[in-house]
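Indexing begins at 1, ligand by ligand and atom by atom, following the structure's order. Quick caveat: nothing in here was measured; it's all calculated off a predicted structure.
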Amino acid sequence: MVTLFNTLTRTVEQFNPIEQGKVKIYCCGPTVYNYQHIGNLKTYIFEDILVRTLRYFNYKVTHVMNITDVGHLVSDADEGEDKMSLAMKREKKKSYEIAEYYTHAFFKDCEALNILKPDIVCKATDHITEMIELIKRLESKGLTYLSGGNVYFDVSKFPEYGKLALLDLEKLRAGARIEIDSNKRFPADFVLWFTKSKFENQELQWDSPWGVGYPGWHIECSAMAIKYLGEQFDIHCGGIDHIPVHHTNEIAQSEGAIGKKWVNFWMHSEFILLNKEKMSKSKGGFIVLSDLEGFDPLDYRFLVLGSHYRSQLNFSLEAMEGAKASRNSLRSKARSLGRSTLEVSPEHKILKEFNAAIGADLNTPLALAKLRQILEDERYQPELRLGALKAADLVLGLSVDSWFNEEIIPESVQALLTQRQSARDNKNWAESDRLRDEIQKLGFIVEDSKGGQKVHKSI
Ligand code: AMP
Ligand code: ZN
């Protein structure tokens with residue numbers, strides 16, 4: 001059984017998909033105007049755990065993620081500069097070059113973090129037609145208005161507006177700031193299509209029934225999610241910042257157009273904090289994966305798994321050191337049990353408590369603790385414990401297989417290798433050859449390559 005926290009109801013609910021055995025998930029993807037910082041990556045790790053967990057419990061999952069390459073302004077509402085235009089100015093490149101570069105960088109980070117690639121990755125700029133169709137549908141239902149050349153969603157025509165974020169519309173009206181887009185009738189109204197570009201030389205523009213322009217940010221997710229997952233699906237995810245604006249607006253557009261409930265479960269991951277503040281790209285001062293020198297990217301994955309996705313995570317180098325040490329200790333424990341090719345089914349009783357932990361709203365810290373207990377549980381044969389580790393890794397994604405492929409080089413051999421390296425640096429070839437023979441006597445072969453000495457077991 002899987003239970004999940006649903007932001008819509010603010011409770012942990014039993015998860016049942018619309019279609020038996022199948023789960024459809026949409027996750028808001030990156031805005032590809034910069035690297036994704038480790039806060040963004042925390043959210044993608046959470047989504048990866050969700051998908052892996054559902055697969056582990058035998059659901060057939062379709063996971064869709066968009067790539068935002070147009071329309072996202074610096075604020076999630078209609079304020080601030082266009083993020084892609086900002087990057088074009090900064091890097092003096094074309095919009096598509098920027099998008100391509102950062103999309104590639106994003107998937108490289110995902111690979112390093114062992115985040116599985118979504119089944120469908122869709123770019124906003126490839127789906128302008130679908131967005132226009134959806135806006136036309138909203139228009140035909142009287143849910144839009146034209147003002148100052150832009151098409152707006154009329155929040156007053158959608159009584160349920162704000163239900164996800166529990167917004168108080170009266171407060172919103174009272175607290176509205178004057179300088180907000182004066183074309184809007186109500187502060188929460190939002191742009192579906194811009195024709196009056198707020199920015200000069202807007203590179204990306206398309207023809208539309210309302211004139212040449214470009215889409216607002218929110219419409220892309222509604223249009224692509226409906227295209228790939230249908231008019232009703234199971235789970236929609238993102239970071240908690242998406243609750244009050246982006247996901248609220250997605251619900252208004254989608255439910256406004258289809259006339260019924262759109263998504264059953266809305267799930268959001270909490271932020272990573274740096275010096276007690278939210279890490280954010282727009283504000284600068286953010287950390288990317290390659291900044292974590294001296295760590296394996298999976299140390300970062302381990303850090304994220306060590307706290308629940310709905311808790312804030314305070315980032316620090318000490319916390320990274322802690323995660324690295326815990327990951328190494330789990331690996332040493334596993335290696336001390338030898339090797340195993342035993343396949344253990346997720347239904348085996350050895351995994352009962354692990355399953356209960358991960359099935360209870362993805363409690364990864366508890367699941368990691370249970371895994372440690374399994375490895376130490378002397379009631380079971382080491383082979384079985386290792387088989388359980390491999391099964392658990394289907395969910396955790398720690399690449400445990402590689403733990404057993406890494407050869408352990410004894411310290412005596414390490415010392416000889418160091419001596420041999422200095423002999424070679426001094427061009428003392430006779431000494432180098434003598435040390436090679438010594439190493440061989442200990443059962444290791446050393447080879448010299450451009451990258452330095454390479455050593456492996458001789459048998
Ligand atoms: P963006 O590229 O800004 O659209 O964000 C990509 C994803 O990362 C979204 O799901 C955001 O909600 C999420 N996100 C943004 N900042 C953070 C943060 N500091 N910690 C965790 N997730 C974040
Ligand atoms: Zn989205």
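Nearest to atom 16 (N) of ligand 1 by heavy atom, out of F271, F46, Y35, is F271. Between Y309, Y102, Y44, Y33, it is Y44 that holds the heavy atom closest to atom 6 (C) of ligand 1.
The parts of T31 lying near ligand 1 are both backbone and side chain, judged by heavy-atom distances below 4.0 Å.
Within the listing of ligand 1, atoms 10 (O), 13 (C), 21 (C), 22 (N), 23 (C) sit less than 4.0 angstrom from a heavy atom of T43. In summary, the atoms of ligand 1 found under 4.0 Å from a heavy atom of P30, numbered by their order in the structure, are 2 (O). Numbered from 1 in the order shown, with element, the atoms of ligand 1 that lie under 4.0 Å from a heavy atom of H37 read 16 (N), 17 (C), 18 (C), 19 (N).
Distances between N or O atoms of N40 and those of ligand 1 include at least one value under 3.5 Å. Checking only distances, G239 does come within under 3.5 Å of ligand 1, N or O to N or O. Ligand 1 has no N or O atom lying under 3.5 Å from any N or O atom of E47, backbone or side chain. Considering backbone and side-chain atoms alike, W217 places every N or O at 3.5 Å or more from each N or O of ligand 1. Residue-to-ligand polar distances place I272 within reach of ligand 1: an N/O pair is separated by less than 3.5 Å. In terms of polar-atom proximity, defined here as any N/O pair under 3.5 Å, G238 makes no such contact with ligand 1.
At least one test fails for R335 against the ring of F404: distance under 6.0 Å to the centre or angle within 45° of the axis. Cation-pi contact between K324 and F295: present, with separation from the ring centre below 6.0 Å and deviation from the ring axis of at most 45°. R185 forms a cation-pi arrangement with Y145, by the criterion of a distance under 6.0 Å to the ring centre and an angle within 45° of the ring axis.
Taking CZ of F302 as the start and CG of N328 as the end, the distance is 9.5 Å to the nearest 0.5 Å.
When the Zn ion (ligand 2) is compared with the N/O/S atoms of E250, atom OE2 turns out nearest.
Summarising the geometry of I18 relative to D234, their closest heavy-atom pair is N-OD1, 2.7 Å, with the distance given to 0.1 Å. Closest non-hydrogen pair, H268 versus I240, comes out as CB-CG2, 3.7 Å.
Results of the side chain to side chain contact (heavy atoms under 4.5 Å, CB included) test with S208 over I132, I135, V151 single out I132 as the only residue that passes. Among the candidates H236, H63, H242, the single residue satisfying the ring pair (Phe, Tyr, Trp, His ring centres under 6.0 Å) test with Y26 is H236. Screening Y300, F106, F107, Y309 for a ring pair (Phe, Tyr, Trp, His ring centres under 6.0 Å) involving Y44 leaves a single residue, F106.
At least one heavy atom of Q36 sits closer than 4.0 Å to an atom of ligand 1.
At least one N/O/S atom of C28, from backbone or side chain, sits under 2.8 Å from the Zn ion (ligand 2).
Between the SG atom of C221 and the NE2 atom of H246, the angle taken at the Zn ion (ligand 2) works out to 110° after rounding to 10°.
R331 and D393 are not joined by a salt bridge, as no carboxylate oxygen comes within less than 4.0 angstrom of a charged side-chain nitrogen.
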